[in-house]
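Reviewing the structure listed below.
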Amino acid sequence: MGEQTKTLTARDKQVIWHPYTQHKTMAAPIPVVKGEGVYLVNENGNKYIDAISSWWTNIHGHAHPFIAQKIFEQAQQLEHVIFAGCTHEPAVRLAEKILGLLQGNFSRIFYSDNGSTAVEVGIKMAIQFHKNKGQHQRTKVLALTHAYHGDTFGSMSVSGRGVFTEAFNDFLFDVVFVNLPELHESPEFTMPAIDPAEIACFIYEPLVQGAGGMRMYHASALQKILTFCKQEGIICIADEVMTGFYRTGKLFASDYVPEKPDIICLSKGLTGGSLPLAITACTHTIFEAFLDNNLRSTFFHGHSFTANPLACAAALASLELLEQPLCQENIAYLVEQNREFVQHLQRTNYGQPILNVRSLGTILAFELHSDKKEYLDKVKEETMEQTLEQGVLLRPLGNTLYIMPPYCITAVQLEKVYATIDKLLHR
Ligand code: PMP
């Protein structure tokens, strides 16, 4: 059979290695030929509501004409340029814009390509900050159990140990973990027995631990630990890669907590999910520690596509859309509907236990009963299959089922997502 006559899935099967995929047992991937608002469209014209915003990146819907237009215009002007020794308008304008949005004393924007690199940059900044200051004893990192910060070695090291990291555990640097209780538990927690003077930084996903199972924890617990860190000179790194840009109802999840981080990592929704881009923002105190006539104090980090102008233009377009009253109304509607659906789930007798139903902003999650409470749970495949039949794309994290739709989802589309979940639970 010629390549032209084979289906996309058949050709994919011969040449592609997909992320997070066991190719021996995987279901055939959906051959997506088009994105249209909240929908993904396959080869046969079937439409699926992207209820997880394509790995939490998409906030305005797919193939948004305004974002597409801005990328097109930028592509005709300047598609890319080395960012060491050169600068350009979209990067500077985006930096100015983001600094205007962040609460706290942020003064500098460092660009990279994705969530993992944003985290790598943040950790490296914090470690070298102390080195540059001559504080050589600060060699440890404090992180949260159940954390997920990415798949590169540094970001894996600061993530909770589990099936994602298992093959690499011997190669990851040591991290001190603290466990913060979930929302339905008492907010009290115990700090590990550590000498704070040895800790370089504390990294955390504020309020919602995404890949760890949409685990939601108390803002008061975060406030407590941040206050402790600030007192002890520990750099606080907020990983807002998932929570940023209104996912939790506020612009940033850090806005729920009075104590502000020193470093903040952004990606995913930054470009509205259209192009890869990440930001690591830091305070002037951190930036200043790298200023020296001695070149050894330089932050030796950079990527070929740092501050790609197309991605910066996409981010500026996405932020413009985000600020429009329509988008703000859509977010408020989604937040409210999620709250109501939480109550519906809690009230309904499905003949099976639906555990820990919760929502924060545009994120809604709960656990399905399962003997194995872990990522490799079979619940995932079965659920995906059943909801796809209904035209809704979900991707549970183990036995945790969640939704995180693009903000442009209409009342009818959202109702369809809820009805699909309702039907799934009634089986
Ligand atoms: N941090 C958090 C909180 C994330 O949710 C993710 C991705 N799920 C990452 C970092 C890594 O981002 P990326 O996949 O873009 O490397």
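Order of appearance sets the numbers: ligands from 1, and atoms from 1 within every ligand.
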Between Y407 (side chain) and R247 (backbone), is there a donor-acceptor pair under 3.5 Å? yes
Subset of ligand 1 atoms that lie under 4.0 Å from at least one heavy atom of S116: 11 (C), 12 (O), 13 (P), 16 (O)
Side chain or backbone, does W56 bring an N or O within less than 3.5 Å of an N or O on ligand 1? no
Any N/O pair S267/ligand 1 closer than 3.5 Å: no
Distance from atom 8 (N) of ligand 1 to nearest protein heavy atom, with residue and atom: K268 NZ, 3.0 Å
Any chance you could measure H60, atom NE2, to N330, atom CG, to the nearest 0.5 Å? 10.5 Å
Tell me whether Q209 reaches ligand 1 (any heavy atom closer than 4.0 angstrom to a ligand atom). no
Can an N or O of E205 be found at a distance shorter than 3.5 Å from an N or O of ligand 1? no
Would you confirm whether E120, through its side chain, and G154, through its main-chain N or O, come within 3.5 Å as a donor-acceptor pair? yes
Donor-acceptor pair, distance only, cut-off 3.5 Å: does the side chain of Y204 make one with the backbone of L226? no
Just which atoms of ligand 1 are under 4.0 Å from any heavy atom in M242? 5 (O)
Sub-4.0 Å protein heavy atom next to atom 16 (O) of ligand 1: yes
Atom CG of N105: over 12 foreign heavy atoms under 6.0 Å: no
Shortest protein contact, atom 12 (O) of ligand 1 (heavy atom only): G115 CA, 3.1 Å
Using the ring of each side chain (for Trp, its six-membered ring), is F66 parallel, tilted or perpendicular to H64, with breaks at 30° and 60°? perpendicular
For atom 10 (C) of ligand 1, what's the nearest protein heavy atom and its distance? H149 O, 3.2 Å
Which residue holds the protein heavy atom closest to atom 1 (N) of ligand 1, what is that atom called, and what is the gap in Å? D239 OD2, 2.6 Å
Regarding H303 and H301, is there a side-chain donor-to-acceptor distance under 3.5 Å anywhere? yes
With heavy atoms and a 4.0 Å threshold, my read on which part of Y148 contacts ligand 1 is both
Test salt bridge (Lys or Arg N to Asp or Glu O under 4.0 Å) on E288 and R108 and set out the steps. CA-CA 10 Å; E288 211 178 18; R108 293 280 162 173; over 6 Å; no
